[in-house]
Asker: 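Input: one structure, supplied below.
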2 protein chains.
Amino acid sequence: MNDAITLTAPLTEAAESDQDVLARGCCNLAPNSLQIAEDDATRLAAMFKAIGNPVRLQIIDMLSRYGGQACVCDVESLFDLSQPTISHHLKVLRKAGLIDSEQRGLWRYYFVRPAALQELQQWFGEMLTVRNQ
Amino acid sequence: MNDAITLTAPLTEAAESDQDVLARGCCNLAPNSLQIAEDDATRLAAMFKAIGNPVRLQIIDMLSRYGGQACVCDVESLFDLSQPTISHHLKVLRKAGLIDSEQRGLWRYYFVRPAALQELQQWFGEMLTVRNQ
DNA sequence: TCTCTATATTGACAATCATCAATACATATG
DNA sequence: CATATGTATTGATGATTGTCAATATAGAGA
């Protein structure tokens, strides 16, 4: 699969011929090609990993539309999963810093932490703008 | 951890008292609270999952700065991992649609697919704007 | 205090993942 | 064709994950 190689982004040196490439050789890595700190990479990856599950992604989607008044049984009603499993996914999202919760009477209400979503959105912004250098 | 619950977003009904909440009860879920299709959720989650690993996140970071001229040995030189492991991570990213590659002589060059990053960035945009409704 | 309800935790299990060593494949060159 | 080099695949292994049933915890009310 994916046989048809279509460049969605122009290569840096599109004019560079194959011969040039071969002459230049490989592995001439520019300095500081890894600009993101390992700590940041780990922290961001943990957040992405939390979203990287269909159920949890849908929970984020649902919570973001629900603006902070969703209890566990609300979330539960959307999926064909047991209550402990929903509780588990909520915990994963909370530990990643993507959501938070608040107790109200007998129920615990969950809500998205916009700051976390913004940070991730911003990361894509960097990836899309800081190209070549 | 995370004991101090700080609301970064106001709850929808901030004025709603605890008594109101208790009176209203729970699980009065608004219709179509799950607006994202399951297929989309699965596809997007797969992309996030691919980024949800520190090594792969750093590969994306590195490739986005490198604009399309990074071969496997370039990537390899940034990590203390074996060549097969790097190859594996590149494959995961490629299967998720986040990167693509092109053979040039003896080397295979990898590059980011900006359209994929844009789609994910846009998803965060939706999550941050489509609140409450 | 006892009961009821909402949510969290524990423990178990199959499935997936990250990693490496060994090997295979592909491209260029002599 | 033979050899060398860059990359991909295979197979194995320990670690992590998603899920559920069972159980525990916590708040509200009788």
Side-chain angles (χ1 to χ4, degrees), chain A residues 1-3 17-29 41-42 45-46 48-59 69-77 79-96 99-110, chain B residues 2 17-29 41-42 45-46 48-59 69-77 79-96 99-110:
Chain A
M1 71 197 74
N2 228 337
D3 283 339
S17 70
D18 283 8
Q19 291 202 346
D20 288 340
V21 172
L22 292 176
R24 176 167 58 75
C26 188
C27 303
N28 300 318
L29 199 57
T42 301
F48 283 123
K49 187 177 180 180
I51 310 179
N53 171 283
V55 173
R56 291 195 293 265
L57 187 139
Q58 283 173 296
I59 290 177
Q69 295 293 337
C71 62
V72 176
C73 58
D74 283 332
V75 181
E76 206 180 330
S77 70
F79 301 94
D80 195 21
L81 292 170
S82 70
Q83 176 267 318
T85 297
I86 297 296
S87 218
H88 161 72
H89 285 305
L90 290 170
K91 186 178 184 180
V92 170
L93 288 170
R94 203 168 79 87
K95 283 184 68 177
I99 68 176
D100 207 341
S101 67
E102 184 197 34
Q103 188 94 21
R104 287 242 212 161
L106 206 47
W107 299 281
R108 176 161 290 270
Y109 289 89
Y110 282 87
Chain B
N2 228 339
S17 70
D18 282 11
Q19 290 201 348
D20 289 340
V21 172
L22 291 176
R24 176 167 58 73
C26 189
C27 301
N28 301 317
L29 200 56
T42 301
F48 283 124
K49 186 176 181 180
I51 310 179
N53 170 285
V55 173
R56 291 196 291 266
L57 187 139
Q58 283 173 296
I59 290 176
Q69 294 293 339
C71 62
V72 176
C73 58
D74 283 333
V75 182
E76 205 181 330
S77 70
F79 301 94
D80 195 23
L81 293 169
S82 70
Q83 177 267 318
T85 297
I86 297 297
S87 219
H88 160 72
H89 285 304
L90 289 169
K91 187 178 183 178
V92 170
L93 288 170
R94 202 168 79 85
K95 283 185 69 178
I99 67 176
D100 208 340
S101 67
E102 184 196 35
Q103 188 95 19
R104 286 243 212 160
L106 205 49
W107 298 281
R108 177 161 289 270
Y109 290 90
Y110 282 87

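If you're wondering where the values come from, they're calculated on a predicted model, not measured in any experiment. Note on naming: letters A, B, ... go to the chains in the order of the sequence lines (proteins, then strands), and numbering restarts at 1 for each one.
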Asker: Check the distance between D/dT7's P and B/Ile99's CD1 and give it to me in whole angstrom.
Answerer: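 Rounded to the whole Å, the gap is 13 Å.
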
Asker: What's the closest nucleotide to the B/Val72 side chain, out of C/dA6, D/dA8, D/dT19?
Answerer: D/dA8

Asker: Please tell me if B/Asn53 has a side-chain N or O lying less than 4.0 Å from either OP1 or OP2 of C/dA18.
Answerer: yes

Asker: What's the closest nucleotide to the side chain of A/Leu81 if the choices are D/dT7, D/dA28, D/dC20?
Answerer: D/dC20

Asker: Let me know the distance between CD1 of A/Ile86 and P of C/dT9, rounded to the nearest Å.
Answerer: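 From A/Ile86 CD1 to C/dT9 P: 15 Å.
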
Asker: Does A/Leu90 reach a base, just sugar-phosphate, or nothing at all? Heavy atoms under 4.0 Å.
Answerer: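 Since no nucleic acid heavy atom lies under 4.0 Å of A/Leu90, the category is nothing.
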
Asker: What is the distance from CH2 of B/Trp107 to P of D/dA8, rounded to the nearest Å?
Answerer: 14 Å

Asker: For A/Arg104 and D/dA28, what is the distance between atoms CZ and P respectively, to the nearest whole Å?
Answerer: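 A/Arg104 atom CZ is separated from D/dA28 atom P by 13 Å.
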
Asker: Measure from OH on B/Tyr109 to C1' on C/dT27 and round the result to the nearest Å.
Answerer: 13 Å

Asker: Nearest whole Å is fine: how far is C/dC20 P from B/Lys91 NZ?
Answerer: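 Whole-Å distance recorded here is 17 Å.
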
Asker: What's the closest nucleotide to the B/Cys73 side chain, out of C/dA6, D/dT7, D/dA22?
Answerer: D/dT7

Asker: Counting distance alone, no hydrogens or angles: does the base of C/dA6 have a donor or acceptor under 3.5 Å from a partner atom on the side chain of A/Gln83?
Answerer: no

Asker: For the CZ atom of B/Arg56 and the NZ atom of A/Lys49, what is their distance to the nearest 0.5 Å?
Answerer: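 Taking CZ in B/Arg56 and NZ in A/Lys49, the distance rounds to 9.0 Å.
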
Asker: Which nucleotide, D/dT9, D/dA22, D/dG27, lies nearest any side-chain atom of B/Pro84?
Answerer: D/dT9

Asker: Between the side-chain atoms of A/Gln103 and the base atoms of D/dA26, is any donor-acceptor pair under 3.5 Å?
Answerer: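 Under the 3.5 Å cut-off, the side chain and the base do not form any donor-acceptor pair.
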
Asker: Do A/Val72 and A/Tyr110 have side-chain heavy atoms sitting under 4.5 Å apart?
Answerer: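 A side-chain contact exists here, since the closest heavy-atom pair is under 4.5 Å.
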
Asker: Please tell me if B/Ser87 has a side-chain N or O lying less than 4.0 Å from either OP1 or OP2 of D/dA8.
Answerer: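 For D/dA8, OP1 or OP2 has a side-chain N or O of B/Ser87 closer than 4.0 Å.
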
Asker: Side-chain N or O of B/Arg56 versus OP1/OP2 of C/dA18: is the shortest distance under 4.0 Å?
Answerer: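 Indeed, a polar side-chain atom of B/Arg56 lies that close.
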
Asker: Hey, are the side chains of B/Asn53 and B/His89 touching, using non-hydrogen atoms and a 4.5 Å cut-off?
Answerer: yes

Asker: Check for a donor-acceptor pair, side chain of B/Arg94 on one end and backbone N or O of B/Asp100 on the other, with a separation under 3.5 Å.
Answerer: no

Asker: Look at B/Lys49 and C/dT16 and indicate whether a side-chain polar atom (N or O) is within less than 4.0 Å of OP1 or OP2.
Answerer: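 Answer no for this pair, as no side-chain N or O of B/Lys49 is under 4.0 Å from OP1 or OP2.
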
Asker: Are A/Glu76 and A/Leu81 close enough that some pair of their side-chain heavy atoms sits under 4.5 Å apart?
Answerer: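 The answer is no, as the side chains (C-beta and beyond) never meet within the 4.5 Å cut-off.
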
Asker: On the nucleotide C/dT7, are OP1 or OP2 found under 4.0 Å from the side-chain N or O atoms that A/His88 carries?
Answerer: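 No.
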
Asker: Taking atom P of C/dC17 as reference, at what distance in whole Å does atom CG of B/Leu93 sit?
Answerer: 13 Å

Asker: Ignoring backbone atoms, test whether A/Tyr110 places a side-chain nitrogen or oxygen under 4.0 Å from the OP1 or OP2 oxygen of C/dA6.
Answerer: no

Asker: With rounding to the nearest 0.5 angstrom, report the OH to CD distance, B/Tyr109 to B/Glu102.
Answerer: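 Spacing of OH (B/Tyr109) from CD (B/Glu102) equals 9.5 Å.
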
Asker: Quick check on D/dC20: is either OP1 or OP2 less than 4.0 Å from any side-chain nitrogen or oxygen of A/Ser82?
Answerer: yes

Asker: Atom NZ of A/Lys95 to atom C1' of C/dT9: distance rounded to whole Å?
Answerer: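 Atom-to-atom, A/Lys95 to C/dT9, this comes out as 13 Å.
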
